Amino acid sequence: MRTTLTLDDDLAEILALRARQNHKAFKEVVNEALRAGLATLSQPEVRMARKIKVRPFTGGLMPGVDPDRMNQLYDELEADSQLEKMRKERDSQP
């Protein structure tokens, strides 16, 4: 297939040099370079495994917070939020 391809000057020089060094046609070198580049794109990326040091942290809750009553706390905060919203709506009405 014939097509027009615009190459950066530095890449064109490298490809022409490789073609001369390997006694190949310019288009052969371009095709080989494209195939090699596309082959690396289709392969899954291999990452080097890094050792990760995990330091445990004992979290916990603040003193006085009962984990069994978290839902109750949420309900109270939600009720306060709804009351505040209703007050703002009432105050904004003429």
Side-chain angles (χ1 to χ4, degrees):
M1 178 178 122
R2 286 183 157 258
T3 187
T4 301
L5 180 65
T6 304
L7 300 172
D8 292 340
D9 292 336
D10 59 330
L11 292 176
E13 287 179 30
I14 293 168
L15 291 166
L17 177 63
R18 290 225 176 136
R20 284 192 304 274
Q21 289 172 340
N22 297 323
H23 307 290
K24 293 183 176 182
F26 184 79
K27 73 174 191 175
E28 284 182 78
V29 176
V30 170
N31 284 323
E32 288 173 1
L34 286 172
R35 281 192 183 93
L38 291 172
T40 60
L41 290 177
S42 63
Q43 294 175 356
E45 192 174 310
V46 178
R47 295 184 182 200
M48 295 181 62
R50 293 185 302 174
K51 289 186 178 182
I52 298 173
K53 187 175 183 177
V54 178
R55 289 181 246 137
F57 175 76
T58 9
L61 299 170
M62 299 283 290
V65 176
D66 184 1
D68 295 329
R69 298 183 69 196
M70 288 297 206
N71 286 338
Q72 181 183 355
L73 176 61
Y74 176 80
D75 291 341
E76 290 172 7
L77 291 171
E78 184 67 22
D80 289 346
S81 173
Q82 288 299 322
L83 285 172
E84 184 64 32
K85 186 177 179 181
M86 289 169 57
R87 282 188 197 118
K88 285 182 181 178
E89 287 175 0
R90 183 191 63 201
D91 293 343
S92 68
Q93 291 178 356

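Along the sequence shown, the residues carry numbers beginning at 1. Just so you know, these numbers come straight off a predicted model, no measurement behind them.
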J.: Applying side-chain hydrogen bond (donor to acceptor under 3.5 Å, both in side chains), can you list everything that pairs with E76, at least two apart in sequence or on another chain?
T.: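 Scan of E76 (side-chain hydrogen bond (donor to acceptor under 3.5 Å, both in side chains), adjacent residues dropped) gives Q72.
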J.: Could you pull out all residues at least two apart from E78 that satisfy salt bridge (Lys or Arg N to Asp or Glu O under 4.0 Å)?
T.: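 Applying salt bridge (Lys or Arg N to Asp or Glu O under 4.0 Å) to E78 gives none.
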J.: Apply side chain to side chain contact (heavy atoms under 4.5 Å, CB included) to D91 and list each qualifying residue two or more places apart in sequence or on a separate chain.
T.: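 In terms of side chain to side chain contact (heavy atoms under 4.5 Å, CB included), with neighbours along the sequence ignored, D91 is linked to no residue.
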J.: What residues join M1 in its hydrophobic cluster, counting side-chain heavy atom gaps under 4.5 Å, either direct or through other members?
T.: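 Cluster partners of M1: none, it stands alone.
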J.: Any donor and acceptor pair, going by atom type alone, linking the side chain of S81 with main-chain N or O of L77 inside 3.5 Å?
T.: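 Not confirmed, S81 side chain does not pair with L77 backbone.
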J.: Just checking N71: does its CG atom have more than 12 heavy atoms from other residues, nucleotides or ligands closer to it than 6.0 angstrom?
T.: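 Count not over threshold, so no.
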J.: Just to verify, what does L61 make a side chain to side chain contact (heavy atoms under 4.5 Å, CB included) with, not counting sequence neighbours?
T.: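 Applying side chain to side chain contact (heavy atoms under 4.5 Å, CB included) to L61 gives V65, P67, M70.
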J.: Can you pull the side chain to side chain donor-acceptor pair (under 3.5 Å) pairs that have at least one residue in residues 1-25, sequence neighbours excluded?
T.: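 Checked against side chain to side chain donor-acceptor pair (under 3.5 Å) - neighbours excluded - the pairs reaching residues 1-25 are K24-E32.
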J.: Who clusters with I14? Use side-chain heavy atoms, under 4.5 angstrom, across I, L, V, M, F, W and Y, and order the result by chain and number.
T.: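 Besides I14, the hydrophobic cluster comprises nothing; the residue is isolated.
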J.: Please enumerate all residues that pass salt bridge (Lys or Arg N to Asp or Glu O under 4.0 Å) together with R35, with sequence neighbours excluded.
T.: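 If we apply the salt bridge (Lys or Arg N to Asp or Glu O under 4.0 Å) test to R35, skipping adjacent residues, there are no hits.
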J.: Kindly give the heavy-atom pair with the smallest separation between T40 and G37, and that separation in Å.
T.: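 Scanning both residues completely, I find the closest heavy atoms to be OG1-O, 2.7 Å.
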J.: Share the residues that join L5 in a hydrophobic cluster, the rule being Ile, Leu, Val, Met, Phe, Trp or Tyr side chains under 4.5 Å apart at the heavy-atom level.
T.: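 Cluster partners of L5: L7, L15, F26, V29, V30, L34.
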J.: With sequence neighbours excluded, what pairs up with E89 under the side chain to side chain contact (heavy atoms under 4.5 Å, CB included) test?
T.: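 In terms of side chain to side chain contact (heavy atoms under 4.5 Å, CB included), with neighbours along the sequence ignored, E89 is linked to K85.
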J.: D75: what forms a side chain to side chain contact (heavy atoms under 4.5 Å, CB included) with it, not counting sequence neighbours?
T.: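 So D75 forms no side chain to side chain contact (heavy atoms under 4.5 Å, CB included) with any residue.
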